[in-house]
Amino acid sequence: MNPTAVLVLEAFTTHFVSTPVLYFSPGRINLIGEHIDYNDGFVLPAAIDKGMYYGIAANDTPIINFYAVDFGESWCGSVEDVHKSTGWKNYVLSVVNEFKLLGKNIGGFDCAFGGDIPIGSGMSSSAAVEGGLAFAINELFSWGLSSKELALLCQRAEHNYPNVKCGIMDMYANLFGKKDHVILLDCRSIEHEYFPMPLKDYSLVMINSKVQHSLASGEYNIRRYRCEEGMKTLKAEAGVKSFRDEGIEEKLAQCKHLMSTPVYNCCKYVTDEISRTKKAVQLLAANDLPGFGTLMYATHEGLSKLYEVSCKELDYLVEYAATSKQVPGSRLMGGGFGGCTINIVPKNLADQFIEEVSAAYFQEFNIKPEAYIVAISNGVEQLHGIR
Ligand code: GLA
């Protein structure tokens, strides 16, 4: 069994007397389509084999018990005690609160959870926490909410207590993941299509810069507000309906003088990224990973220069990958300001690349990065038997 799952089950047995059901709730990667899930774009995420494990059981009392294995901390209270808090508690309590807001009759339960997904790495540990809990208690109390309803509930949960005005991508990937497939998600209609990920001779390598930006959530919301402000101008002055409109590039150019530079740059990045993602999907369907990778580098350039969500450490990692000439695609992944780069690396060169980039990065910043070769996995699921 996965060692983290073992830890979670052991913690459950130490703290509670009930018999748990075990769930795995994955983190996610995103191949392309960054910061456009809240801008009507298309994104291309996938669930991965790193994430959170949940042990959970009803306890026939009015009391909810959480034990967070990674922090060695507990929360205990009744449904009425659920309120905004701090840290990990905000994420789980916000999910419970969203079920309350739907009028669900929540009984007491015991829950231990912990993960092998590094927090702040850009692989969405928060959606893994939210999605895993939402899925598990939906099953526990037989409420029958669909995966889409659960994804939307988790998004509301993240907006509410943690106050991160995120898009739908992370929770969608967490709940809809499919082994060896990427999810092409249309964030306007919230409909998806699966594409087999033609990795064959390539590996997906995450390099964790180990940089965590303390202002990350505030900066994230600022990017969102810049896009909203730009869209207001585009609507009022050029009759634009969405960043997906035909001819948006010309309309944006016409309105440039009416926008501040940061607002214009964010809008420019968004329109570029929407068209890049469309091209990228065609390249993926044609199994052209090197072509796909070129677009990933372009995405990084836009995220760094126009959207301003990179940092010198991430730029260094991507630049290193580009100059090595061995890595067809590399870019920062997720919200930015730190966390991981995602790299498409030929399988036979993956270990060597990890070794070289890690040594160079350490020399430059005196930080030991972490590297993970990830596999594309299913979305949240109950684990029966040994994993
Ligand atoms: C975070 C958010 C997502 C998405 C990405 C950037 O992971 O939670 O909704 O906006 O950043 O693409």
Side-chain angles (χ1 to χ4, degrees), residues 1-2 4-9 11-13 15-28 47-49 51-69 75-79 82 88 91-115 117 124-158 168 170-179 183 190 192 377-387:
M1 200 189 293
N2 176 292
T4 312
V6 173
L7 283 179
V8 167
L9 286 179
F12 193 98
T13 318
H15 289 84
F16 313 120
V17 288
S18 45
T19 306
V21 179
L22 184 64
Y23 292 88
F24 174 64
S25 178
R28 63 103 189 89
I48 54 170
D49 56 347
M52 304 300 303
Y53 291 85
Y54 267 93
I56 194 158
N59 60 20
D60 299 326
T61 75
I63 298 300
I64 297 173
N65 289 304
F66 283 112
Y67 181 73
V69 175
W75 185 91
C76 172
S78 71
V79 177
V82 168
W88 64 269
Y91 292 86
V92 289
L93 295 177
S94 202
V95 168
V96 175
N97 182 50
E98 289 304 325
F99 281 115
K100 269 173 77 176
L101 293 174
L102 289 181
K104 298 293 176 199
N105 191 10
I106 303 169
F109 61 89
D110 301 328
C111 170
F113 69 101
I117 181 171
S124 206
S125 51
S126 55
V129 169
E130 292 151 354
L133 179 62
F135 187 93
I137 59 180
N138 183 48
E139 279 202 353
L140 192 65
F141 298 114
S142 306
W143 289 325
L145 267 68
S146 68
S147 294
K148 189 166 171 176
E149 286 170 314
L150 291 176
L152 290 164
L153 179 145
C154 291
Q155 186 190 22
R156 292 196 300 276
E158 184 139 348
I168 188 71
D170 300 351
M171 13 317 261
Y172 204 93
N174 168 266
L175 284 149
F176 283 88
K178 180 171 170 183
K179 192 172 176 355
I183 305 165
I190 319 193
H192 73 276
S377 83
N378 285 333
V380 187
E381 57 188 355
Q382 196 185 121
L383 299 180
H384 301 274
I386 307 264
R387 189 181 161 80

Novice: Listed by chain and number, what are the side-chain hydrogen bond (donor to acceptor under 3.5 Å, both in side chains) partners of Lys148, not counting sequence neighbours?
Specialist: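 Counting only residues at least two positions away or on another chain, Lys148 forms a side-chain hydrogen bond (donor to acceptor under 3.5 Å, both in side chains) with Glu191.
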
Novice: Are Tyr67 and Trp75 an aromatic pair, judged by ring center distance below 6.0 Å?
Specialist: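 Here the rings of Tyr67 and Trp75 have centres that are no less than 6.0 Å from each other.
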
Novice: Do any N or O atoms from the side chain of Asp170 and from the backbone of Ala127 form a donor-acceptor pair under 3.5 angstrom?
Specialist: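 Side chain of Asp170 to backbone of Ala127, a donor-acceptor pair under 3.5 Å: no, none is there.
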
Novice: Once you measure the plane-to-plane angle for Phe12 and Phe16, does it fall in the parallel (<30°), tilted (30-60°) or perpendicular (>60°) bin?
Specialist: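 Correct class here is perpendicular.
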
Novice: Got a second to check how far Gln155's CD is from Glu130's CD, nearest 0.5 Å?
Specialist: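 If we round to the nearest 0.5 Å, Gln155:CD and Glu130:CD are 10.0 Å apart.
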
Novice: Using side-chain contact (heavy atoms from CB on, under 4.5 Å), reason through Ile56 and Phe113 one step at a time and then give a plain yes or no.
Specialist: CA-CA 8 Å; Ile56 194 158; Phe113 69 101; over 6 Å; no

Novice: Crowded around Lys100 NZ? As in, over 12 foreign heavy atoms under 6.0 Å?
Specialist: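 More than 12 within 6.0 Å, yes.
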
Novice: Is the backbone of Leu9 close enough, under 3.5 Å, to the side chain of Thr13 for a donor and an acceptor to pair up by distance?
Specialist: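 Pair found, side chain donor or acceptor close to backbone of Leu9.
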
Novice: Can you see which heavy atom on Gly132 is nearest to which on Val380, and at what distance?
Specialist: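 Here Gly132 and Val380 meet closest at CA-CG1, 4.2 Å.
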
Novice: Between Ile117 and Ser125, what is the shortest heavy-atom contact and its length?
Specialist: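 Closest pair (atom of Ile117, atom of Ser125, distance): CG2-CB, 3.8 Å.
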
Novice: May I ask you to test the Tyr53-Val69 pair for a side-chain heavy-atom distance under 4.5 Å?
Specialist: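 In short, these two side chains do not touch, never coming nearer than 4.5 Å.
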
Novice: Listed by chain and number, what are the side-chain hydrogen bond (donor to acceptor under 3.5 Å, both in side chains) partners of Tyr54, not counting sequence neighbours?
Specialist: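 Testing Tyr54 for side-chain hydrogen bond (donor to acceptor under 3.5 Å, both in side chains), a comparison that skips the adjacent residues, returns none.
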
Novice: Taking all heavy atoms of Pro26 and all of Ala47, pick out the closest pair and write down the distance.
Specialist: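 Smallest heavy-atom distance, with atoms named: CG-CB, 3.6 Å.
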
Novice: Taking only residues two or more places apart in sequence, or in another chain, which ones meet Thr61 in a side-chain hydrogen bond (donor to acceptor under 3.5 Å, both in side chains)?
Specialist: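 Asn59.
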
Novice: Work out which heavy atom in Asn378 is nearest to a heavy atom in Lys179; give both atom names and the distance.
Specialist: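 Reported closest heavy-atom pair: OD1-N, 2.9 Å.
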
Novice: Strictly by modelled atom types, are Ser25 and Asn174 linked by a side-chain donor-acceptor pair under 3.5 Å?
Specialist: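 Per modelled atom types, Ser25 and Asn174 side chains form a pair under 3.5 Å.
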
Novice: Can you tell if the side chain of Asn105 reaches within under 4.5 Å of the side chain of Phe141, non-hydrogen atoms only?
Specialist: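 No. Closest side-chain heavy atoms not under 4.5 Å.
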
Novice: With rounding to the nearest 0.5 angstrom, report the SG to CD distance, Cys154 to Glu149.
Specialist: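 Answer rounded to 0.5 Å: 12.0 Å.
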
Novice: Asp110 side chain to Asn65 main-chain N or O, any donor-acceptor pair under 3.5 Å?
Specialist: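 Answer holds: no.
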
Novice: Would you check if Tyr172 and His192 make a side-chain contact, meaning some heavy-atom pair closer than 4.5 Å?
Specialist: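 They are in side-chain contact.
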
Novice: For the pair Trp88 and Phe66, name the ring-plane relationship: parallel under 30°, tilted 30 to 60°, perpendicular over 60°.
Specialist: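 Plane angle over 60°, so perpendicular.
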
